[in-house]
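Computed from a predicted structure; not experimentally measured. Every number for a ligand or one of its atoms is a count from 1 in the order of the listing.
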Amino acid sequence: MYVVAAAVIITALIVGGVSYYWFVLSRPSANVVEIYHWWTSGGEADAINALVAYFNTQYPNVTVIQSPVAGGAGYVFKAVIKPLVLAGEAPDSFQLHAGYEGQPYYDGGYLDSITNLFNDEHWANFMPKVVLDMVKFGNDYYAVPLDIHRANVVWYNKPLLTAHNINASTLTTWNLFFDACQKLKNEGVTSPISLGDSGKWAASHVLEQMIAGEGISFYQDYVNGLVTSPTDTKLVDALNNFKRYLNFTNTDHASLTWDQATARLITNASAFNVMGDWANGEFLKAGKVYGTFYGTFVAPGTQGYYGLVVDCFEHPKGVKHADNSLNWLKIVGSKAGQDAFNPLKGSISPRNDSDTTKYGPYQRLFAIPDFRAAAHMYPSVVHGSGAPESFTTKLDDIMSAFVTNKDVSAAATALTNAITASHDDYTKVWSL
Ligand code: GAL
């Protein structure tokens, strides 16, 4: 009996050992690259899928695992990714805005320098200095820019404006813009402006363009942490403009996402939407034609300015698939990768050798020429670049209180207090 038992045990050990060898030790480790991002709206998803498809033409044996976290501007994503990175569980690469948003990861030593990759790919020869400076910490590069979005865009429904005899090209000041909104309202358009601030940031996004509309030197002071007086006339003026703006928005704005707000233009429910040019991806997805169904003009007061929203990917330290991560970055920075992604996303490529024939009329007629001719470019605060995280995390709450109470002086006080409290974190001096 002991003999039988021993034989059974020995057999079990052999079989177990052999199967352990076959199933575990000899199995090649999965050839994947895991990336995190927040691109889940129709246009956003099409764009990232096109980039992944291009990656797979270059690396057919590598499976890209996308882990999207829904929520425009990454308002949910950012709270998910940070604890992962801090716990040493960073994915192989993740979406990150250029500028200050990377600062905590750099300060904590969670990112590897990718200066060698930048040099090998000669990216510095192809991308504008303003963007390159935003992905450098110290003397090294830490993130690869994939796109340049324009923040200061007013989207409009063309048939609706035509039906009410409004010429979009005349709406060059906020006063003229509000006159047009009033006319639409008088003539039966209940909510001329669409807003979807369920993630709070879309309200801050509008205010940001109004701050830029007060002039580039004021915006420069804002991102340098120098707007510290609650009675600052330009700050108060921007907030007053936003208060007027709220007279014309849809009442259910707090329950709509940004893309649901854009959809209000697509369904002829509203005439205007102030949003970055990821909105263009939604019009494309809906099959709408730029210049026929929809059009754009720059946010009043920001003519000649280009509000920058730049998405990047980076190489976190100690990731599971380091080579695949670097190959992913190579594709992110490549001309073909960017020209697959940006036409669908609504943005333009940061590369000066981008093939503009691949882009639609919005980019060819509006974004690209304006980018090339821009007198000033300004980094978005709402989208992570322009100001330290300690300020931006408070900004959305302040603006979400404002859309309800419309108290200009309370908001001016809260904003300037927040800037003052973050004084030591404003480590970058912007010169716009
Ligand atoms: C921005 C991001 C864009 C766009 C938008 C809405 O912050 O840079 O790529 O997706 O959010 O989600």
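For the pair K288 and F293, the cation sits on the ring face: its NZ or CZ lies under 6.0 Å from the ring centre, inside 45° of the axis. Within the cation-pi definition used here (under 6.0 Å to the ring centroid, within 45° of the axis), K428 qualifies as a partner of W430. Under the 6.0 Å distance and 45° angle rule, R244 does not count as a cation-pi partner of F178.
Close approach to E44 involves these atoms of ligand 1, each under 4.0 Å from a residue heavy atom: 4 (C), 5 (C), 6 (C), 10 (O), 12 (O). Contact atoms of ligand 1 toward W38: 2 (C), 7 (O), 10 (O), 11 (O), 12 (O) (distance under 4.0 Å to a heavy atom of the residue). Ligand 1 places these atoms under 4.0 Å from at least one heavy atom of H383: 1 (C), 7 (O). Taking every non-hydrogen atom of V309 and a distance limit under 4.0 Å, the qualifying atoms of ligand 1 come out as 8 (O). Of all atoms in ligand 1, listed by their number and element, those nearer than 4.0 Å to a heavy atom of W258 are 6 (C), 12 (O). Listed by number with element, the atoms of ligand 1 under 4.0 Å from a non-hydrogen atom of G72 are 12 (O).
Backbone and side-chain nitrogen or oxygen atoms of W201 are examined, and none is located within less than 3.5 angstrom of a nitrogen or oxygen of ligand 1. Of the polar atoms of W278, none of the N or O atoms is found under 3.5 Å from an N or O of ligand 1, judged by distance alone. Polar contact with ligand 1: absent for G74 (N/O pair, distance under 3.5 Å).
By the 4.5 Å heavy-atom criterion applied to side chains, L415 and L207 are counted as neighbours.
Here the two rings, on H383 and W38, have centers that are 6.0 Å apart or farther. Taking the six-membered ring wherever Trp is involved, the centroid distance between the rings of Y36 and F94 does not fall below 6.0 Å.
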